[in-house]
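These notes are about the structure you will find just below.
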Amino acid sequence: MAFARLLIRRLLFLLVVIWAASTITFFVPRLSPRNPVRERFAALARSGGFSPTDLEKIIAAYNTKFGFDKPLWRQYTDYVGSLARLDLGLSANQYPKTVIQLIQESLPWTITLLLTTTILSFIIGNLLGAVAAWPRAPNWLRSIATPFMLLQGVPPIILAVLLLFFLGFKLKLAPLGGAYSIGVIPHFSATFVWDLFKHQILPALSLIFGSVGGWVLSMRGMGVTIQGEDYVIFAEHKGLHGFTIFRDYFLRNALLPQVTGLALALGSVITSGILVEGVFGLPGLGSVLGAAIQSNDFLVIYGIVLFITVSVATMMVIVELLYPLLDPRIRV
Amino acid sequence: MTTIAISQPRVQQRSRMGQIFRYLRRNKSLAVGIFIIFLLIAFTVIGLLTISPSKAYPLQAASKKPPSLKYPLGTDFFGRNLYAAMAVGMWQTALIGVLAGAIGTMIGVVLGFTSAYFGGPLDAAIKGICQILTPIPGFLIQVIIAGSIDKRSVTIYTMAFIVVLLAWMGPTLVIRSQVLTMKERQFVSVAKLSGVGPMGIIFGEIMPNLLPFIAAAFVGQVFYSIFASFYLAVLGLGPLREPLLGNIIWSANGQGAFFNGWWWWPIEPAVAMILILGSLALINIGLDEVANPRVRKAE
Amino acid sequence: MTTVLQVNNLQVTYYTDSGRARALDGVNLTLNSGEKLGLVGESGSGKSTMALAMMRMIKLPGRIEGGQVIVDGNDLMALSEEEMLNARLSEITYIPQGAMNSLNPVMRIGAQMVDAIKAHDSKSSKSAIEERCMEALESVDLGRNVFRMFAHELSGGMKQRVCIAIGILLKPSVIIADEPTSALDVVTQRQVMETIDRVQKDIGCAVILIGHDMGLMCQFVDKVAVMYAGRLAEVSTVRQMFSDPKHPYAQALISSLPSLENKGVFHGIPGLAPSLLRLPSGCTFHPRCPHVMEVCKTTVPALRTVPGGAQVACHLYPEKA
């Protein structure tokens, strides 16, 4: 029963977050008195690229979305209504694709990259941080964490630039960009999968090296507290082996707050993921967003931002609902 | 007795300088961080003194020249002297960081303070807004805001403003929780019982104890602001004319600098950015050791 | 009566930033099987250090400088790390002070008992080990269902009982209980003490009970040892200690206890406990002692048996009994 109440409360919170995000994306573009959105849209049309009929359709879609002729409250309710139907509008740049279609095409790339790198850096970072906080670990093992803590301040996109230069450009160990080699037709074979994998190495390394340090640092801070807890000391008094204490008494407890931390970090994980994708020209959400920014494709920008916001908020709620499975004290 | 009382502060002052140095020797991350910051400041100041800032803009030099005696850091595709561009860019990056960091911290301190100290519906409202905004990736909202502004009218100050808009929740929550715990501490109750008014308690009792947290929040905010403005600039949402570090990388990427062999163009701002953010991270770790002695024990 | 525990000249030093602190300075103690000893003293007198030193659990910046802790004829100080791991819980057991927080919050109680047995005994079957845990729980008056519960589902007294149950899993020869009843209410305190008393009789081990509460403790122990500044001041039976304490510090300690006769009159002990960093020369109690003599300022008194059987470290009493 208590779980049902928690579930309802979290879902309501999720709705409020989605509402807040969509309201921001609705009002922010019209805060500017010059309405540059419309101006630039017209400029884009003048510079050509699509036919007048297409332009009419886009502007029609644009007007139903932002309907500047209607009163503001009407525009707002229309907008919320279209969101409820999962209608994010049409792309100006890749007409007649809808924003949803663009997201669907690029999402698998982003999910694969971010899921792997986030899981890997969470595991590596927390293990290194835990070892760094564990006084009984050998010193050489504890010191592995230090260089990663220094990397903690470096944005993954800069690591991407540096890795691209040293590993890709100078040493030619990895391709310089793209999802697969130019001229290759996607098909299912070992060579093609290997090709795909090679193109993901540098983006993945930049994201992992860029985020491991954060986990190391917070885990070390947490671990320093946990290693002095009474139950860890009592476990030593029981004559347990060091590794058992480390795994069952120390790590399991120190990891709990880190799981919450993972939920809170999702936003920045996606942000850096998007930028790194842009640097390497991977066909994920980041490149679509980057292209949309370059070409002032506003509905795509708003749609992707809204989509990411909703996904992050949803994942946070899911983590929060799963948390009781890990911590029996909150189990209901 | 009186002579001792007079001479004591002087003795203490001298030993305090020594204490700071001795502490810095032990707190290596703080020392190294401060050292790097000094180096960066020195580079920027020397740069601004030895070369005209106007050289940081396009068509001021031969284009695409690698580092040489004439152009110590080379020039880019657009004919910017990168030595000048880096000096100006670092200055602008620091300006955005400190400006947005200071404003964000100030808003955070004021909101966190009122929220925690007065409680009630005001507290609930401030806390609620912070909680709702937290899951929304602030950077994406900044993308929308920056994207909605006419690119020609974006300046360094607009950048700082955009960054601040979504950068006050962190310090607000930190300061709020600190004030909440301090409100319950004994020394505050003692002051209350001995008839000290609310202003006296806020500025006499709580503020001094809050200073390390405000300092840490400020460094964290500067870090965040530089990060955020850099990200915006890398996406091409910054003031395009200015040689902001992120802008240099953005334009280098746009011209395919690596493919064309102009490696120095994106590498230089990248290294500068690593030094800036790295030193701030080190200072943050160091301040964490000051505020949280338990971390110190683990060394 | 066989001797199960013999502590010889145990020394522990803490190397702090402000100097060396001698936390334990040549402690000697002998305990027979089935004997219960209460270890009392002010905070910082070295009681907990003594317990940790006997478990070989002194952590840096502390170091065991020398001495022997002989349990059942084996000197624990001479064991290898691996052998010492095995000796903990099976030879000598420690029941912690902060029982409220001594159980892992994310593991079931049963799992925390099973891993303790498995660390010492890799041969027994799973069901046999579980049965032993259940029996241990029952012997401290807990239900078998506690095996499947988490720490947060138990009350303070129950948690302390679980710690006792874990402590006796391997039937050790010596149990050290470090203030096992602090943070419990008075009724629970008594129940826990009775539980310790009963399991001690069941497995016939020696018990060292560390505590502040002389009143509660003395109802359960046979002997009392008074500690002062890292040394034992006096070791005698409960009866002797209360009727005729010998050491001036023990006398002050006993007379500071409230009783019906001296109701309303509070006798504290004058002076402050010494800093371990700058211990007084000679007998460390001499600056506070009402009977101080010249010899006390220069010579450390040894712990020796005086007429009546008590062991006292004080120059007031003659060299030979």
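Every chain is numbered from 1, with letters handed out A, B, ... down the list of sequences.
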Side chain, backbone, both or neither: which part of [X] has a heavy atom under 4.5 Å from chain C?
X: A:Ile233; answer: both
X: A:Glu236; answer: both
X: A:Phe234; answer: side chain

Count the heavy-atom pairs under 4.5 Å between each of C:Ala87, C:Ala116, C:Ala119, C:Pro105 and chain A, then report the option with the highest count. C:Pro105
Top contributor to chain A contacts, counting heavy-atom pairs under 4.5 Å, from C:His120, C:Lys118, C:Arg88: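 Sorted descending by pairs with chain A, the first entry is C:Arg88.
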Between A:Thr23 and A:Trp19, is any side-chain donor less than 3.5 angstrom from a side-chain acceptor?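 Indeed, the side chains of A:Thr23 and A:Trp19 share at least one donor-acceptor pair under 3.5 Å.
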Between A:Ser218 and A:Gln258, a side-chain donor and acceptor under 3.5 Å: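 Yes.
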Would you find a donor on one side and an acceptor on the other, under 3.5 Å apart, between the side chain of A:Thr117 and the backbone of A:Leu114?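 Present.
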Check the angle between the aromatic planes of C:Tyr94 and A:His237 and answer parallel, tilted or perpendicular using the 30° and 60° thresholds.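 Plane angle under 30°, so parallel.
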Counting only heavy atoms closer than 4.5 Å, note whether [X] contacts chain A via side chain, backbone, both or neither.
X: C:Gln112; result: both
X: C:Asn86; result: neither
X: C:Leu52; result: side chain

Could you point out which residue of C:Glu91, C:Glu81, C:Glu83 forms a salt bridge (Lys or Arg N to Asp or Glu O under 4.0 Å) with C:Arg56?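 Of all the options given, the one that passes is C:Glu81.
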Does the pair C:Asp121/C:Arg132 count as a salt bridge with the N-to-O cut at 4.0 Å?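 C:Arg132 and C:Asp121: salt-bridged.
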